[in-house]
Engineer: 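Mind having a look at this structure? Questions to follow.
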Amino acid sequence: MNDTITLEKKVAKSSIVFDEKHVLQELKHYLPTQTPLKDFIHHNSLHAFQHMKFYDAIFKASKIFGFKVTLQLADFRKMYEDGRIKKEVLDKIINDKKGAEQFLNWKEKLLTKEYSESIFPRVGALRANWKTKHKIDLDTLVQPLLFRVLCSYLDQGISVWDFPQENKGFLNAIKDLEKNSFTSFFKTKRPKKYLEEGLGIKELLKIVVGNEAYYEQYLFDQQFSHRGWSGMISAIESEPNVLLDKRVTSLHDLVVFDLLLEIDALDKQLGNDWEPLCNKINSSPVDLFADAPLTELEEVFKLWQDAFEWSYYDEVLSGIALGKKKQIATPAKTSFQAIFCIDERECSIRRNIESVDPTCETLAAPGFFGVEFYFQPQNAKFYDKLCPAPVFPKYLIKEINAQGERKHELLYTKKNHTFFIGSIITMFYGFISAVKLFLTVFLPKMSPAISNAFIHMDKTATLSIENKDISYRENDLQIGFTIEEMAARVEGLLRGIGMVKNFAPIVYVVGHGSSSANNPHHGAHDCGACSGRPGSVNSRVFAFMTNHPKVRAILSSHGLVIPDTTEFVGGLHDTAADEIEFYDEQQLNSVNEEAHKKNKAAFEDALDLNAKERSRRFASINTKGSLKQTRKAIKDRSVSLFEPRPELGHGTNTLCIIGSRELTKGLFLDRRAFMNSYDYRTDKDATLLTGVMRPIGLVCGGINLEYYFSRVDNHKLGAGTKLPHNVMGLIGVANSADGDLRPGLPLQMIEVHDPVRLLVVVEHYPEAVMKAITITPEIYEWYNNDWVHIIALHPETNKFHYFKNGEFTEYTPLTKEIATIKDMKCFVETAKEMETNHIVDATKENLPVYSLEN
Amino acid sequence: MSQLLQFFIWVPLFGFIISLMLPRKNERLISSVTIGTAGINLLAAFSFVTYWFMNDYPVLDVKQFVFYKAHDIEIFLDFYFDKTTAVFSTVGAVLAFLVAVFSKFYIHRDGGFKRFMNNILMFFVAYNLVIFSGNFETLFTGWEILGICSFLLIGFYHDRYLPVRNSLKVISVYRLGDICLILAMWMSHHLWHQNITFINMNDSAAVASLVRDHYMYVVFIGVMILVAAAVKSAQLPFSSWLPRAMEGPTTSSAVFYGSLSVHLGVFLLFRTYPFWESVLAIKISVIAVGLFTAFIASSIAKVQSSVKTQIAYSSITQIGLMFIEVALGWHEVALVHFTANAFLRTYQLLVSPSVLGYMIHDMFFSFTPKKLEVGTSFFSKLKNTVYILCVKEWNLDFLLHRYLWSPFKWIGKALSFISSKAAIVILVIIFSVGFYLNLHPELIPVSISKIVPVVFSFFGIMIILNAFAEKGSALRAWLFVVLGQLFITLSVAMLSDEFGGLQVLIYLSGSMLFAGVGAICLSRIKKIDNNINLDIFHGYSQEQSRIGFIFLIACMGVAGMPLTPTFIGIDILFSNIHTHDYFIIAFTSLSFVFMEICVLRIYARIFLGQYKKATHAMAYRSS
């Protein structure tokens, strides 16, 4: 009977017609979407599976592509032994999921049963027949040249001699070059002829594969054998503007060239007379995307992962409940207010500034501060987008009258690669670089070669923020915002974070960026809400808008009164160097000018404390050193060429708290929580909440999941260790001269990260939260499919309501007590250095929650 | 003063041995030892050079350790110091120290931190051995250790496919250079009738008489030296290995392939200059290689779109020019050029990851769209042709594979019939007969006594080539390497009357012991996993790292790499072959090329690469 079924299947399969357009679309859907590294937008690495429930999705992806999608069994078990996965949580989860009867059975499976964790992916199996049956290693024969040609074509500025082309597309460029030269990329004649004749994918597949039923599977095998380059091509095809020096390209062209190179290699190895791969094949084509039930091991992983996550969540929730009870009220009269980004790295600077000046108040909003625009630095040939990636602004802000001069690094001159001039330059620069090398190692300091967050915008320059004439446009963008447009944005942001009264005399608006040296992934450390760039322009623009008298007049008419004595000041926090810079300080009134001097000192002290707190995770810094020493050590990291970890980026992020600062003020959350200020009291019907919730899944969830997947499979979903990385064409990194591009995050960024999904806690009624997350299917998908957890904290009953399967149900934390930090200094200084960077050791110092002694 | 020279070897060697014994997890201790060693080395280099300079910079030479002495064979370490050594040692010491400090932070928490630091120290030992060497034997020792370091550092990330493949690729090319050096050593031994030192070469009268009387032999030595230098310095046609060697952490690429290691070819030319200076053919060849390389490599550098590859080719270009400078006798210029290039390329490689941020930022402000044109004129077509050739690196990688290695692989494959069990038995019988005949040479008829050793030698190389092409069992390949080696040794033993007792013993004692150890290691793996075929990478060091390490030592022993007793044996072995034994010298040297490639290939296939059981996260093959 089995035979007849397979036979039927075979018949059914072979009648499948190959639909080129559809297959290319499918490929693009599953390939990585990371764009060239100059823009780093965090996103869910398994975005292609987001329409499915989390566990179904990850295990399916694992079967298809061979990813590891959770920690290894031994790691879970070790963490259980160490107490990081709690017994009571694990027991509860097994009980809830498997029932009391099966409890012992499953517990034994989790704790002791041996499993094979080998994964042999579906993708690649068909094309592997070239090697097993015909002894031909196509990858080795094709890929080095393929990557080289692709990289030369897309190169943004490494090569001295550009790819000769007329911007008519990749395949046309190859065709032109082949036609107008005396040699060829190919070793044999046939592919060149096919290229000239313009054979399409289907015709070429006929030659290579033969049987139409296998075309789709073969193309997946082929493109996923180098998913880095394929993904890059596909991303550039979808969004050509990600390259400064534009290139027309498409996945179609890549597939054709790939197939031509395969034919070339096969002709060279086997002569002209070989049979297509699938003419005589025994196995029927495989449906790569067929559903398969979870295996027992996957069930075990699922339980472990839940237990791992809830061991953390449970403790944090009980901490928040405690914090809610403690309720440290904001002082009636505040010395100043500071709005930071929701970024979890700003969590500690807020706590530290509050501890230095207990009369200040801190808030947080997404770091583009509600103003979306393109920015053009003076003399720049391009625009920078400064708002979340999916937004396409209609505004342009230009930098004018900049005083500072852009500095150059002579050693990057391309002339050293040439023959005669090269040798003279070599002789000359050689000795300069000897000195530079010495300084680099012993006296690291900022240089033009280092990405400096503060040069994103010139402090002395003027910005064209106000638009007085809407016909003032450039490239279809309006230059600056009109008064009404400004007012709308300011009001939107202030109301969103519940900042509608009790304004302090000075309100700081602090964006963030990150300086780092020798770091191709530096964009990943900048502000995610500003498309991976520093948020300095946004903070300055926002401050300008709120200070504008006409804007304030409109706001007053809407009942949002900002006193005349209140002034807003923009600023930028460098999260790696722990430095702050403020903008337009000279415009402050004299009273505020005095206060600002004092506040600045407070910020400096807070930065000292912040640096000290961060030093806990850096083995090379002596945590017991004086504050100034530690601060300097932290600053040096950001300019040291030898430092692969200038900061830990978003590593360890797990939480997102949407609510008032009172909820978290007395808590130590170890820089793991995104925090968005929000006051349910000013938004009973949750109209503002929908706006607040809109970017949470995409930005915070995206960051969290990118870290999750880069952590659990740093080799396939992450970029591996960055130490051997080689910059390719200024668009990405690869290992070696002949390696594939490596999307994802490098090891040094995810090393301390716990692969735990994001838990969003919203302080509001469950019905209100429900309303906010169901507003669009795209937003709802994040929560309904469990890619992000969400909990509503009922403002009156103080009970938690956990969202699961479309509804909120009450959750009572198991943890009864949480520990208290008595002395922060001592706490930091006694922290243990990790033994190894294996997950179990590396994350021991990721702390859940502590209560702070006031 | 010359007695002080040996300390430049002892210091790093001592540091290396200590660093081997340190606990793997104690980064602080390991880096202190490395930096300390490099620091002492640096101080010593500075003070010594100053002292030497103030004493009117004499040329120093000292004979240090005699390992073996019999008739005209005398194997000893010899140290030498002149201005070339002064420059190379100072530059080397500065770079090594800076890179050691840099690496302390850069490699922090890498799983292979200790391995990396051990390697760096082993590299210092090798580098100093080469630049302080006073004779070919000493130089060769350093040269060989350097090769092993390279193999280990290129394959540093041994659980990925490309580093392992490329480390094999590089060591294979290196091996070619090594053998040229052995041949140069062998020939000069016969020319001078003693193991010569570099200071002998400074005797221009003696050299002139050699050139007069044995012109072809001198040319032979010159060519061998040139090939060895071209291999090490990645000159044409061997250039394509250099960019592929940039697989390890950036710091190791910088110090090895950006600066120090890659300039040792130039050093070899410096050191042997007095010998070939008067031979116009060699001089012209050196200039031709350098000029040709500089042209081609600079054109390749221009089209490279990956930063490390581009730096590699730029460095090759400058080294090509240094070849010319040395040949023209502009030694001061060449030394300045070397110093500048070494520092520049090290720095460029170390800051290479910054290039993305800097160049994009720069482009943001200064980008002007370039003229887009393919061109149809003859000149444009010519230009496009060169462009395509440069993108393909003038097919160097392919040509090397095709014309250098493939023919041997083809021979090996054609001989696969000898890997049957019956064939092995026959081979063993033949060997035993040969062994018996060697003990009783009177049994061999005089008419064929000249041919018998050649036949055995031929058998030896064929057996080894068979092992080289073996895709089946690793154990069988191992057995064949050992068997091939026995045949080769026997053939040399037959050549010479004296080559009986002690000499055979010295050589075989080491070799056979290691062969046994290696076989045990492989059987252990075979017990775990029935399939230890050589057609795939198994990646066993993931679960059996200890066996892997022992097997690596066994490989080094069998292939006669430095620090093993076999190593000295090789030199003795070669000294027994006379200049007229063309076939035997050809077969023997070939077999030494392939023996090492074979054993390292077995090591790589079984212990390195992606772990085939896929139990943990693994990189794609292509990455």
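Proteins come first, then strands; the chains are lettered A, B, ... in the order of their sequence lines, and each starts at number 1. Source: prediction; values computed, not measured.
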Engineer: side-chain contact (heavy atoms from CB on, under 4.5 Å) between B:Ser306 and A:Met728: does it pass, once the steps are laid out?
Structural biologist: CA-CA 4 Å; B:Ser306 82; A:Met728 313 300 282; 3.5 Å; yes
Engineer: Under 3.5 Å, is there a donor-acceptor pair between the side chain of A:Glu166 and the main chain of B:Val374?
Structural biologist: yes
Engineer: When heavy-atom pairs shorter than 4.5 Å are enumerated against chain B, which of A:Glu835, A:Lys187, A:Gln378, A:Gln748 gives the highest number?
Structural biologist: A:Lys187
Engineer: Distance-only, no hydrogens or angles: does the A:Lys716 side chain make a donor-acceptor pair with backbone N or O of B:Tyr620 under 3.5 Å?
Structural biologist: no
Engineer: Taking NZ, NE, NH1 and NH2 as the nitrogens, is one of them in A:Glu833 or B:Arg109 under 4.0 Å from a carboxylate oxygen of the other?
Structural biologist: no
Engineer: Among residues at least two apart in sequence or on other chains, which ones pass side chain to side chain contact (heavy atoms under 4.5 Å, CB included) with A:Leu73?
Structural biologist: A:Arg77, A:Tyr115, A:Glu117, A:Leu297, A:Val300, A:Phe301, A:Trp304
Engineer: Within the side chain of A:Ser118, is there an N or O that forms a donor-acceptor pair under 3.5 Å with the backbone of B:Lys613?
Structural biologist: yes
Engineer: Is there a donor-acceptor pair under 3.5 Å between the side chain of A:Lys68 and the backbone N or O of B:Thr615?
Structural biologist: yes
Engineer: Taking all non-hydrogen atoms of both residues into account, name the closest pair between B:Ile388 and A:Ser181 and its distance.
Structural biologist: CD1-OG, 3.4 Å
Engineer: What pair of heavy atoms forms the shortest contact from B:Lys392 to A:Phe186, and how long is it?
Structural biologist: NZ-O, 4.3 Å
Engineer: Counting only non-hydrogen atoms closer than 4.5 Å, does B:Phe398 touch chain A with its backbone (N, CA, C, O), its side chain (CB onward), both, or neither?
Structural biologist: side chain
Engineer: Tell me whether A:Gln72 contacts the main-chain N or O of B:Ala617 through its side chain, where contact means a donor paired with an acceptor under 3.5 Å.
Structural biologist: no
Engineer: Would you confirm whether B:Ser354, through its side chain, and A:Ile450, through its main-chain N or O, come within 3.5 Å as a donor-acceptor pair?
Structural biologist: no
Engineer: Within the supplied structure, the quantity of interest is the number of heavy atoms (other residues, nucleotides, ligands) at a distance under 6.0 Å from B:Lys612 NZ; does it exceed 12?
Structural biologist: yes
Engineer: Check whether any side-chain N or O of B:Asn384 sits under 3.5 Å from a backbone N or O of A:Leu177 as a donor-acceptor pair, and report yes or no.
Structural biologist: no
Engineer: Between A:Val160, A:Ile731, A:Thr836, which shows the greatest number of heavy-atom pairs under 4.5 Å with chain B?
Structural biologist: A:Val160
Engineer: On a heavy-atom basis, which atom in A:Leu244 and which in B:Phe367 lie closest, and how many Å separate them?
Structural biologist: O-CE2, 4.3 Å
Engineer: Any idea which heavy atoms bring A:Leu730 and B:Val355 closest together, and the distance?
Structural biologist: CD2-O, 3.8 Å
Engineer: Given that the side chain runs from C-beta out, which part of A:Gln143 has a heavy atom under 4.5 Å from chain B: side chain, backbone, both or neither?
Structural biologist: side chain
Engineer: Go through A:Glu178, A:Lys722, A:His521, A:Arg645 and name the one with the most non-hydrogen pairs under 4.5 angstrom from chain B.
Structural biologist: A:Arg645
Engineer: Above 12 or not: heavy atoms from other molecules or residues under 6.0 Å from CZ of A:Phe442?
Structural biologist: yes
Engineer: Are B:Phe343 and A:Phe438, when compared by the centres of their aromatic rings, separated by less than 6.0 Å?
Structural biologist: no
Engineer: Walk me through whether A:Leu723 and B:Thr250 qualify under side-chain contact (heavy atoms from CB on, under 4.5 Å).
Structural biologist: CA-CA 6 Å; A:Leu723 306 188; B:Thr250 306; 5.5 Å; no
Engineer: Just verifying a value: how many Å separate B:Arg345 CZ and A:Thr426 OG1, rounded to the nearest 0.5 Å?
Structural biologist: 4.5 Å
Engineer: Between B:Tyr106 and A:Phe642, is the ring pair (Phe, Tyr, Trp, His ring centres under 6.0 Å) condition met? List the steps.
Structural biologist: CA-CA 5 Å; B:Tyr106 198 67; A:Phe642 49 74; 8.8 Å; no
Engineer: When heavy-atom pairs shorter than 4.5 Å are enumerated against chain B, which of A:Thr721, A:Leu717, A:Val733 gives the highest number?
Structural biologist: A:Thr721
Engineer: So, the side chain of A:Asn518 versus the backbone of B:Leu350: is there a donor-acceptor pair under 3.5 Å, distance only?
Structural biologist: yes
Engineer: Salt-bridge test for A:Lys135 and B:Asp535: reply yes if a basic N is under 4.0 Å from a carboxylate O, no otherwise.
Structural biologist: no
Engineer: Salt bridge check: are A:Asp137 and B:Arg621 linked by an N-O gap of less than 4.0 Å?
Structural biologist: yes
Engineer: Would you say CZ of B:Phe292 has more than 12 non-hydrogen atoms from neighbouring residues, nucleotides or ligands within 6.0 angstrom?
Structural biologist: no
Engineer: Going by the angle between their ring planes, with limits at 30° and 60°, are A:Trp161 and B:Tyr387 parallel, tilted or perpendicular?
Structural biologist: perpendicular
Engineer: Is the distance between the ring centroids of A:Phe382 and B:Phe365 less than 6.0 Å?
Structural biologist: no
Engineer: Give the minimum heavy-atom separation between A:Ser736 and B:Leu162, together with the two atoms involved.
Structural biologist: OG-CD1, 4.2 Å
Engineer: What residue in B:Ser377, B:Ser298, B:Cys390, B:Gly357 has the most heavy-atom pairs under 4.5 Å with chain A?
Structural biologist: B:Ser298
Engineer: Taking side chain as everything from C-beta outward and backbone as N, CA, C, O, which of these in B:Tyr611 sits under 4.5 Å from a heavy atom of chain A? Side chain, backbone, both or neither.
Structural biologist: neither
Engineer: Which atoms of B:Leu95 are under 4.5 Å from chain A, going by heavy atoms: the side chain, the backbone, both sets, or neither?
Structural biologist: side chain
Engineer: Between B:Phe364 and A:Lys381, is there a cation-pi geometry (under 6.0 Å to ring centre, at most 45° from the normal)?
Structural biologist: no
Engineer: Would you find a donor on one side and an acceptor on the other, under 3.5 Å apart, between the side chain of B:Lys308 and the backbone of A:His725?
Structural biologist: yes
Engineer: Is chain A contacted by the side chain of B:Gln348, its backbone, both, or neither, given a heavy-atom distance below 4.5 Å?
Structural biologist: side chain
Engineer: For B:Ser305, check side chain to side chain contact (heavy atoms under 4.5 Å, CB included) against everything at least two apart and list the hits.
Structural biologist: A:Cys151, A:Ser152, A:Asp155
